[in-house]
Number of protein chains: 2
Amino acid sequence: MNAEAVAMERPEFDAEPIAEVVLEADMGAELSQLPASRHYRRARQDRGAETRKSLLLAALDVFGRYGFEGAATRDIAKRAGANLAAIVYHFGSKDALHRAVAEYVVEQMQARIGDSITAAADALKGNIDRPTARRLLQRIVDVHIDSMLGEAEAELWGRFIMREQMEPSSTFDVIYDFMMQCQSTTTNLVALLLDLDPRSEEATLRSFAISGQFVIFCVGRPMVLKKLGRDTLATKDREEIRRVVAEHIDLLVGEALVGEG
Amino acid sequence: MNAEAVAMERPEFDAEPIAEVVLEADMGAELSQLPASRHYRRARQDRGAETRKSLLLAALDVFGRYGFEGAATRDIAKRAGANLAAIVYHFGSKDALHRAVAEYVVEQMQARIGDSITAAADALKGNIDRPTARRLLQRIVDVHIDSMLGEAEAELWGRFIMREQMEPSSTFDVIYDFMMQCQSTTTNLVALLLDLDPRSEEATLRSFAISGQFVIFCVGRPMVLKKLGRDTLATKDREEIRRVVAEHIDLLVGEALVGEG
DNA sequence: GAAGAAGTCAATCGATCGATTTAATTTATG
DNA sequence: CATAAATTAAATCGATCGATTGACTTCTTC
């Protein structure tokens, strides 16, 4: 079951290069934004990156839909347009692939909403006034909405996270920690705006309720789309959602949003 | 794959009694509230009802966690404390069991929140004032919160529904229709309270955002529990959530809740 | 209390699918 | 051309799948 363990027991199995490949976290990151030019024949010096990225995305989808045990490596390889053996070659095992997916998800989310969180967390260390807190909160909310509803891949992240929440594996901690960090920062901002103790249950509940206003559009997306009569959320829809949620928060925290935008 | 088809092809297989058993929707409904008395030796006249109920609940759990294909009938039978063959005996096939679970979920949800929906829908046919609309809306919200967070089984309904939403099977329509009906009624109430066209995107989005405030406590329950430092939501927590959400809605629709506690 | 219906059970069917491994082949690069 | 990286088809071997069977137990009914 554990491919690394197997590799250790078998010295003739050259595990080192694979391990290195797996450990470099930025695999194919630069490749994903490659120009579509057909004549761009470079990047062949690392053909593997393409396959790794395909496998990673396919695994993200399949793991998210069927869970770790329910996911079939055959299915993942087929969707990725890669050979079955490529999974072991590039990642080491099904386990390791799953771990890589979890890390990838956090990485992507961190890249999109990390700044807004650290900005708020840093500001909260000092003394900030209510308009500033309101603006920092809105920043977090907007970034969440844009990343959760804006890009197609985000649907996969959401599914993967929801599934991990149902049957938490050992790799879930890293996702969990990140989300708790987001929630804590949001709670602190809400507490400040509502003159509540940040550690009170009241602050926590109000913070979750506020977050729920946009999370619903992620977890209930099929229902929302059906109701709106669309098959995808347009940019305009997303802006409407941002506007509505912003107005709601204005009403809820009794501090209208002012400045920058 | 299809057991009914097989049954049709094999006249010697006595399918009728099974079909009847499957079709009666109230299977074991009265049995679930049996007194725990050890000497209550009745109900042996229909031992099957107990097994059916066990299988149904186990299937609800397993289908919800692993999806239809990922679910193993062996797993379901084991969790139900029943024999593998009992599934085919009582339901006809894995497919039919899945269908029965979907119907059961709608049935249970209907029993808990159906009244609040039809009450609101009926009232909306005539002319109602804002305080009444506000009260009807709160009724729907409270009933949702109580049923989604109050009973242990509701966690299973939620998981099953979320999973069906991910990979909709043919049996999903019945669930979907019910949920859309809830959402439509809520939207109409919200539109009335905010002076919006009930069919406008604005009304839909605001309605979803409002619903999200309590749905988050269902889909994000593990996160909420972790943050609160509990391992289960107490009655007091549920009351707090009801209070917070009610206050929020007061602020959002500009119509404070009055009357009947 | 015997007949028979209802329900349960262990054992088993054939088939599919599971992850992993092997060996052979293709591809790019110095 | 030589080398290493990457890909591929094929095979391994076990596990598991849903469904079925027929014997067995429990309950009802006449």
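Worth knowing before you read on, the calculation uses all heavy atoms, side chains too, and leaves out hydrogens, waters and symmetry mates. Letters A, B, ... are given to chains in the order of the sequence lines, protein chains preceding strands, and every chain is numbered from 1.
In this pair, A:His98 and A:Phe63 present their aromatic rings perpendicular. The plane angle is above 60°, beyond the 30 to 60° band.
The two residues A:Ile87 and A:Thr73 make their nearest non-hydrogen contact at CD1-O, 3.6 Å.
Although no hydrogens or angles enter the test, the distance criterion places no donor-acceptor pair under 3.5 Å between the side chain of B:Lys226 and the main chain of B:Arg221. In terms of modelled atom types and a separation under 3.5 Å, the side chain of A:Asp177 and the main chain of A:Val174 share no donor-acceptor contact.
As judged by a 4.0 angstrom heavy-atom cut-off over every strand, A:Ala85 is placed among the base-contacting residues. Nucleic acid contact for A:Ala71: sugar-phosphate only, since backbone atoms but no base atoms lie under 4.0 Å from a heavy atom of the residue.
Distances shown here put every side-chain N or O of A:Ser93 at or beyond 4.0 Å from the OP1 or OP2 atom of C:dA19. Phosphate contact (OP1/OP2 of D:dA9, side-chain N/O of A:Asn83, threshold under 4.0 Å): present. Between B:His90 and C:dT8 there is a side-chain polar atom (N or O) within less than 4.0 angstrom of OP1 or OP2.
Note: CG (B:Leu84) to P (D:dG22) measures 17 Å, nearest angstrom. Atom CD in B:Glu50 sits roughly 11 Å away from atom P in D:dC27 (whole-Å rounding). One can place NZ of A:Lys94 at 11 Å from C1' of C:dC17, the figure rounded to the nearest angstrom. When the P atom of C:dT20 is taken as reference, atom CG of A:Leu55 falls 13 Å away, rounded to whole Å. Straight-line distance from the CG atom of B:Asp75 to the C1' atom of D:dA19: 17 Å, rounded to whole Å. Atom C1' of nucleotide C:dA19 and atom NZ of A:Lys78 are separated by 16 Å, given to the nearest angstrom. Remark: P of C:dA19 and CD1 of A:Ile87 are 8 Å apart, rounded to the nearest angstrom. Per the geometry, CG belonging to A:Leu97 stands 15 Å off C1' belonging to C:dG18, to the nearest Å.
Candidate nucleotides C:dT8, C:dT20, D:dG18 were compared by shortest atom distance to the side chain of B:Tyr89, and C:dT8 ranks first.
Between the CD atom of A:Gln183 and the NZ atom of B:Lys227 there is a distance of 6.0 Å, given to the nearest 0.5 Å.
Between the base of C:dT12 and the side chain of B:Arg74 there is a donor-acceptor pair shorter than 3.5 Å.
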